Amino acid sequence: MSLPVRVRFAPSPTGYLHVGGARTALFNWLYARHTGGKFILRVEDTDKARNTAEAVQVIYDGMRWLGLDWDEGPLVGGDCGPYFQSEREAVYQRYFDKLKDAGFLYDDGGAWRFRFARELVEVDDMICGKVPFDFRVLEITPDMTIRRPDGSWIFHFVNVVDDIEMGITHVIRGEDHLSNTPKHLQLYRALGVEPPRFGHIPLILNKDGSKMSKRDQGASVASYMEGGYVPAAVRNYLCLLGWSPKDDREKLELDEIVRLFEPSKINRKAAQFDIEKCNWLNWQYLVAMSLDEFTDAALPFIEKAGILYGTRAALLPVLALVKEKIKQLPETPNWLPYFFTEEFPFDPDAAEKLRKPGALETLAALRDGYASLPEWTAAALEAKLKELATARGVKAGELVHPARAAVSGRSVGPSLYHMLEVLGRERVLARMAGAWEQFAQ
RNA sequence: GACCCUAUCGUCCAGCGGUUAGGACACCGCCCUUUCACGGCGGAUACACGGGUUCGAAUCCCGUUAGGGUCGCCA
């Protein structure tokens, strides 16, 4: 009855992958996986000027990063290749001759135009429903050029020809193409081919409602790759822009999304991109990571910051400690320095804590208590500190704050007792003594 | 300008003729707490406007307004 689904993503290699394009690819991919169909990648590189190997690589990298594997296309091959438009000249020529012989084309100053049928054309869209277009008035729908005087091809023509040749059954693309669709429909009819089903997804806007362009924050997939985002989180967030499982769930496993995805359920309203929410979802994925996964993900940032952590074995307990504080991977190194060097600076806030009257005396008392502590564990460290606080008639905070400042140079950080445990007795006692020397005057 | 799409908290997403209009991000307050976070509890904030249809409209229809898209020898 209905053919197996074949969908495609057909980007132009411009040197970067826009999140809007990525979402289009994602929705196509989801539909293919949902239906058990094929997802095809086709590179629309008819504009030779910007077609470079690097630009194509950006597309591959972005798609791979998001986990959007293609069943046919560059690198993987397929029965309908080549998958670069620049290599399909003969195909286009064949279709061109067909249209020309049938009398649909005419020469206009060297360029070739396709003569539209002057009638009403209705697009039956999977997402937008039936949308009427009127081609009866020539002035507002001039015949479209499909070939330039230099022999090169225009997008509308090659796009349709390739979709025919590649057996595309469903075209899911950006809403900016909705108004182009009746033109494409006319081409299909002239060629005597049954058109695919179309589904036009709304565009992604900036948070303030303006158009999202290259320069805008978060517009490029590469920015997420470089920013240490979890690919699954970005993918998840993109899914939620215009689509939902309808039951208020937000963090969803991919197979669950594949199972539930339905193009007709895609929202018709343009969505505004909220990086804050994307960050929150990304954090949800970070929290869900095991220590090993987290370490692998954070390592590039730790190394880039030049943190001399020694071995992975030395790093693990520290990351286990600070993991809960980290909202974004790139900030990881900020939590680490004092674990791996004695040359850490004192923040103004921390210094102030040590200059408070009596701070150094309580610190000294704590140091003495800790020096003789039989067991160096977080629990024992906590018990001792509280015992001393009680003995001195002060709140625990009176001891905690100077201690934290003395051993880390910071006023904020992870749980003090666990931090002391990881630091070890030797370093803790030395740093407490050092703080006394540095701040007593 | 013409044509097309869209319109629920600031944002994303529910809601499809009868709901105290729900959830999430962000925001505010309280609690927890050694800090910052986390977490828990609570709060403020929305059906763009005007007409219909209906016993009854966020939900259906028509206008207006606003936003977006398309009108290329770009893709």
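Nothing here was measured: the structure is a model prediction, and the numbers come from that model. In what follows, every chain begins at residue 1, and chains take the letters A, B, ... in the order their sequences are listed.
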Aromatic ring centroids of [X] and [Y] under 6.0 Å?
X: A/Phe340; Y: A/Tyr338; result: no
X: A/Phe155; Y: A/His177; result: yes
X: A/Phe439; Y: A/Phe346; result: yes
X: A/Phe261; Y: A/Trp29; result: no
X: A/Trp243; Y: A/Phe27; result: no

Distance between the [atom1] atoms of [N] and [M], in whole angstroms?
N: B/C60; M: B/C5; atom1: P; value: 15 Å
N: B/G22; M: B/A58; atom1: P; value: 14 Å
N: B/C28; M: B/U45; atom1: C1'; value: 11 Å
N: B/C32; M: B/A26; atom1: C1'; value: 23 Å
N: B/C27; M: B/U64; atom1: P; value: 40 Å
N: B/C55; M: B/C49; atom1: P; value: 24 Å
N: B/A66; M: B/A57; atom1: C1'; value: 23 Å
N: B/G72; M: B/A14; atom1: P; value: 35 Å

Residue pairs passing the salt bridge (charged side-chain N to carboxylate O under 4.0 Å, His left out) test where at least one lies in residues 100-109 of chain A, sequence neighbours excluded:
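Output for this query lists A/Asp108-A/Arg113.
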Mind jotting down which residue pairs meet the salt bridge (charged side-chain N to carboxylate O under 4.0 Å, His left out) criterion with at least one end in residues 279-293 of chain A? Sequence neighbours excluded, please.
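Non-adjacent pairs meeting salt bridge (charged side-chain N to carboxylate O under 4.0 Å, His left out): A/Asp292-A/Arg312.
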Checking base pairs now: Watson-Crick or wobble, both atom distances under 3.5 Å. What partners [N]?
N: B/C38; result: none
N: B/C71; result: B/G1
N: B/C32; result: none
N: B/C9; result: none
N: B/U64; result: B/A48
N: B/C55; result: B/G18

Does A/Lys395 reach a base, just sugar-phosphate, or nothing at all? Heavy atoms under 4.0 Å.
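Nothing, no nucleic acid heavy atom in range.
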Classify A/Trp335 by what it touches in the nucleic acid, base, sugar-phosphate, or nothing, heavy-atom distance under 4.0 Å.
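The residue A/Trp335 makes no contact with any strand.
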For each nucleotide in nucleotides 61-73 of chain B, reading 5' to 3', give B when a protein heavy atom comes within less than 4.0 Å of its base, S when such contact involves only the sugar-phosphate, and - otherwise.
-------BBSSSB
Which letters describe nucleotides 19-35 of chain B, given B = protein heavy atom under 4.0 Å from base, S = only from sugar-phosphate, - = neither?
---BBBBS-------BB
Flag side-chain contact, heavy atom, 4.5 Å: A/Val19 against A/Tyr224
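Touching, per the 4.5 Å side-chain cut-off.
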Can you check whether A/Phe9 reaches A/Met63 side chain to side chain, under 4.5 Å on heavy atoms?
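Counting from C-beta outward, A/Phe9 and A/Met63 do come under 4.5 Å.
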Separation of [N] [atom2] from [X] [atom1] (nearest whole Å):
X: A/Leu252; N: B/C13; atom1: CG; atom2: P; result: 14 Å
X: A/Tyr16; N: B/A75; atom1: OH; atom2: P; result: 17 Å
X: A/Lys246; N: B/C16; atom1: NZ; atom2: P; result: 11 Å
X: A/Arg410; N: B/A37; atom1: CZ; atom2: P; result: 15 Å
X: A/Leu281; N: B/C13; atom1: CG; atom2: C1'; result: 13 Å
X: A/Phe135; N: B/A2; atom1: CZ; atom2: P; result: 19 Å
X: A/Leu260; N: B/C13; atom1: CG; atom2: P; result: 17 Å
X: A/Lys265; N: B/C16; atom1: NZ; atom2: C1'; result: 13 Å

[X]: which residues meet the salt bridge (charged side-chain N to carboxylate O under 4.0 Å, His left out) condition with it, sequence neighbours left out?
X: A/Asp124; result: A/Lys130, A/Arg197
X: A/Arg23; result: none
X: A/Glu256; result: A/Arg249, A/Arg259

Please compare A/Gln85 and A/Ala271 by the position of their nearest nucleotide in RNA chain B and report the one closer to 5'.
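The residue closer to the strand's 5' end, by nearest nucleotide, is A/Ala271.
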In terms of the nearest nucleotide of RNA chain B, which residue is placed more toward the 5' end: A/Leu240 or A/Pro132?
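Mapping each residue to its closest nucleotide by heavy atoms, the 5'-most match is A/Pro132.
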So if I take residues 120-130 of chain A and measure heavy-atom distances to RNA chain B, which residues fall below 4.0 Å?
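Residues of residues 120-130 of chain A under 4.0 Å from RNA chain B: none.
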Using a distance-only test with no angle check, is there a side-chain donor-acceptor pair under 3.5 angstrom linking A/Asp162 and A/Tyr83?
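Short answer, no.
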Check the chi torsion on B/C38 and let me know: syn if it falls within 90° of 0, anti if not.
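You should classify B/C38 as syn.
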Going by atom type alone, with no hydrogens or angles, which donor-acceptor pairs under 3.5 Å involve a side-chain atom of residues 318-330 of chain A and a protein atom two or more places apart or on another chain?
| from | atom 1 | to | atom 2 | distance (Å) |
| --- | --- | --- | --- | --- |
| A/Lys323 | NZ | A/Leu286 | O | 3.4 |
| A/Lys323 | NZ | A/Val287 | O | 3.2 |
| A/Lys323 | NZ | A/Met289 | O | 3.1 |

Kindly state each residue pair satisfying ring pair (Phe, Tyr, Trp, His ring centres under 6.0 Å) with at least one member in residues 107-135 of chain A, sequence neighbours excluded.
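Listed by first then second residue: A/Phe96-A/Trp112, A/Phe104-A/Phe114, A/Phe114-A/Phe116, A/Phe116-A/Phe135.
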Please output the side-chain donor-acceptor pairs of residues 388-404 of chain A that fall under 3.5 Å, not counting sequence neighbours, one pair per line with the distance.
| from | atom 1 | to | atom 2 | distance (Å) |
| --- | --- | --- | --- | --- |
| A/Thr390 | OG1 | A/Lys386 | O | 2.8 |
| A/Arg404 | NH1 | A/Pro414 | O | 2.9 |
| A/Arg404 | NH2 | A/Pro414 | O | 3.1 |

Between protein and nucleotides 43-47 of chain B, what N or O pairs are separated by less than 3.5 Å?
none

